[in-house]
Protein chains: 2
Amino acid sequence: MDTPAPRRTRIQQEKRELILEAALEVFSTNGFRGSTIDQIAEAAGMSKPNLLYYFRRKEDIHETLMQRLLDTWLAPLRELDDIGDPLTELRSYIRRKLEMARDFPRESRLFANEILQGAPRIMPMLEGELKTLVDEKAAVIKGWMRAGKIARTDPWHLIFSIWATTQHYADFDVQVRAVLGPDRGGDGRFEDAARFLEQLFVDGLRPKG
Amino acid sequence: MDTPAPRRTRIQQEKRELILEAALEVFSTNGFRGSTIDQIAEAAGMSKPNLLYYFRRKEDIHETLMQRLLDTWLAPLRELDDIGDPLTELRSYIRRKLEMARDFPRESRLFANEILQGAPRIMPMLEGELKTLVDEKAAVIKGWMRAGKIARTDPWHLIFSIWATTQHYADFDVQVRAVLGPDRGGDGRFEDAARFLEQLFVDGLRPKG
DNA sequence: CAAATTTTTGACCGGTTGGACAAACGTTAG
DNA sequence: CTAACGTTTGTCCAACCGGTCAAAAATTTG
């Protein structure tokens, strides 16, 4: 099904990386339609026809970017495992997701842009791979609830709320910084967020006496 | 500072409303740059030059839409009051925000689009009006914590987490529906979400010991 | 070196987009 | 009726955008 491993020269590999890096920057802030090939080419330090020599269509860049993103994006949830203490597992999942929001905000915004516009390009993946993964992990969480390890609640919405709260710090970064102001909006905001979220979810999920 | 009350005929008022309604639909799904005047005009059932008779520039439509949005968008937070039981107050704030995500998803997505792109048009409002309001309400919440009515935590991040979790059901609606599937992704998803969020926040904020 | 291949660029093209404009059309008031 | 005013539309334009192409420049290969 996949393209049969296209042979690429060293220059091709490097330039393609350069373009993808530039495109991530441009797409994540302007969306797909709001971005122009010229913008990406300029950010990558090359001319438009030269860029089009490496990616024949604008959509190819976006598609490549999206494919790479999805692999790494779900990695934290895949790691959520049945071994170990449930509350500890959830806590480290939240921490990993928040670290991704901190370290890969552009990827988060690229994803958010796609979903906001109705996920026209990745809908099959949402209904397939993603749903399967979430259902699987929801079953794990349900097991923890049955065993009395965490409070009974809806596992799917629990996962949604973890996504929402962590990605918020990437997608709505400007708002967060504007509201916190120059004093508290600095680098420490992610640690404050980590502390808060840990408290919220751990106390909110601790099994009731 | 404001425009000196432009006189408008009845037709002008009606047509402007029609255009704003159509523009909300188009802008919220395609973003500003991703939307064309033609699309909006067609959605409003009129020709492009006719639309431009009521709004001289595309940006004017967006600006008007954004100004109206901001008023209603912060209303729920403004209602958060010091009277009444703190946990009840927070619970009804969450409920109101979730109802807005359910009833006004286009407004939510319009706002999300703007923030995602760095809030180029509303940054002053974020740093001014919004920050002032949030600081004010954070002080109220801090009072509740000092009084031992709710658990001690960061009020600003608490507000962020309420925004994030509730707006998620509007902004990421397609993902939510895709993951929940045809069975659970129906109309009941907002009630499930309300139940879950209430449990999460109320239990997570109940004062300890 | 020289031939072959890969990379880069300037010029160009067709389609789209935001917006201008004048003329036509409709409505209302005297 | 008619003049004034408000509304609608067809036509047009300049800028922009995604993408092509041939030729020049650089690099690799023999």
Side-chain angles (χ1 to χ4, degrees), chain A residues 3-66 110 113-114 117 120-121, chain B residues 3-66 110 113-114 117 120-121:
Chain A
T3 328
R7 292 215 182 134
R8 301 206 214 281
T9 66
R10 181 184 47 86
I11 290 184
Q12 275 172 345
Q13 295 215 11
E14 288 173 4
K15 290 295 171 80
R16 281 175 65 96
E17 287 307 314
L18 206 69
I19 292 169
L20 289 172
E21 159 68 23
L24 176 59
E25 186 72 29
V26 176
F27 280 144
S28 67
T29 57
N30 301 109
F32 181 75
R33 280 215 53 184
S35 306
T36 71
I37 300 184
D38 278 302
Q39 285 174 359
I40 301 171
E42 194 193 335
M46 65 180 69
S47 65
K48 180 171 68 168
N50 195 10
L51 182 148
L52 285 167
Y53 170 71
Y54 294 103
F55 290 90
R56 302 171 75 147
R57 289 178 306 154
K58 180 186 176 184
E59 224 182 334
D60 291 348
I61 310 175
H62 190 265
E63 197 183 316
T64 306
L65 225 39
M66 204 59 85
L110 182 69
N113 258 307
E114 176 71 10
Q117 294 177 11
R121 300 161 224 275
Chain B
T3 328
R7 292 211 185 138
R8 300 205 216 281
T9 66
R10 182 184 48 87
I11 290 185
Q12 274 172 347
Q13 294 213 13
E14 288 173 4
K15 290 296 171 82
R16 282 175 64 95
E17 287 307 315
L18 205 69
I19 292 168
L20 288 172
E21 159 67 23
L24 175 60
E25 185 72 29
V26 176
F27 280 145
S28 67
T29 56
N30 300 111
F32 180 76
R33 280 215 53 187
S35 306
T36 72
I37 300 183
D38 279 303
Q39 284 174 1
I40 300 171
E42 195 193 335
M46 64 181 69
S47 65
K48 180 169 67 167
N50 196 9
L51 182 149
L52 286 167
Y53 170 72
Y54 294 103
F55 290 92
R56 302 171 78 142
R57 289 178 305 153
K58 179 186 175 185
E59 222 181 334
D60 292 346
I61 310 176
H62 190 264
E63 197 183 316
T64 305
L65 223 41
M66 204 59 83
L110 183 69
N113 258 307
E114 175 70 11
Q117 293 175 10
R121 301 161 223 273

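Chain letters run A, B, ... following the sequence lines, proteins first and then strands; every chain starts at 1.
- A salt bridge links Arg121(B) and Glu59(B); the closest N-O separation between the charged side-chain nitrogens and carboxylate oxygens is under 4.0 Å.
- At the phosphate of dT8(C), OP1 or OP2 sits under 4.0 Å from a side-chain N or O atom of Tyr54(A).
- For the pair Lys15(B) NZ and dT27(C) P, the interatomic distance rounds to 11 Å; values are reported in whole Å.
- Judged by atom type and distance alone, Lys48(B) reaches the base of dG19(C) through a side-chain donor-acceptor pair under 3.5 Å.
- The Pro49(A) side chain lies nearest to dG10(C) when the options are dG10(C), dG19(C), dG18(D).
- Both Asp38(B) and Gly45(A) sit near DNA chain C, but only Gly45(A) has its closest nucleotide nearer the 5' end.
- For the pair Asp60(A) CG and dG18(D) P, the computed distance is 13 Å after rounding to whole Å.
- The CZ-P distance, from Phe55(B) to dT7(D), rounds to 13 Å in whole Å.
- Applying the 4.0 Å criterion to OP1 and OP2 of dT9(C), one finds that Ser47(A) has a side-chain N or O inside that range.
- For Gln12(A), taking side-chain heavy atoms from C-beta onward, the closest of the listed nucleotides dG18(D), dT7(C), dG18(C) is dT7(C).
- The interatomic distance linking Tyr53(A) (OH) with dG10(C) (P) rounds to 17 Å, in whole Å.
- Figure legend: Lys58(A) and Phe32(A) shown as a cation-pi pair, the cationic atom lying under 6.0 angstrom from the six-membered ring centre and within 45 degrees of its axis.
- The nearest whole Å value for the distance from the CZ atom in Arg56(A) to the P atom in dG19(D) is 11 Å.
- Residues Asn50(A) and Glu59(B) both approach DNA chain C. Their nearest nucleotides, taken by heavy-atom distance, put Asn50(A) toward the 5′ side.
- If you check every strand for non-hydrogen atoms under 4.0 Å, Ile37(B) touches sugar and phosphate atoms only.
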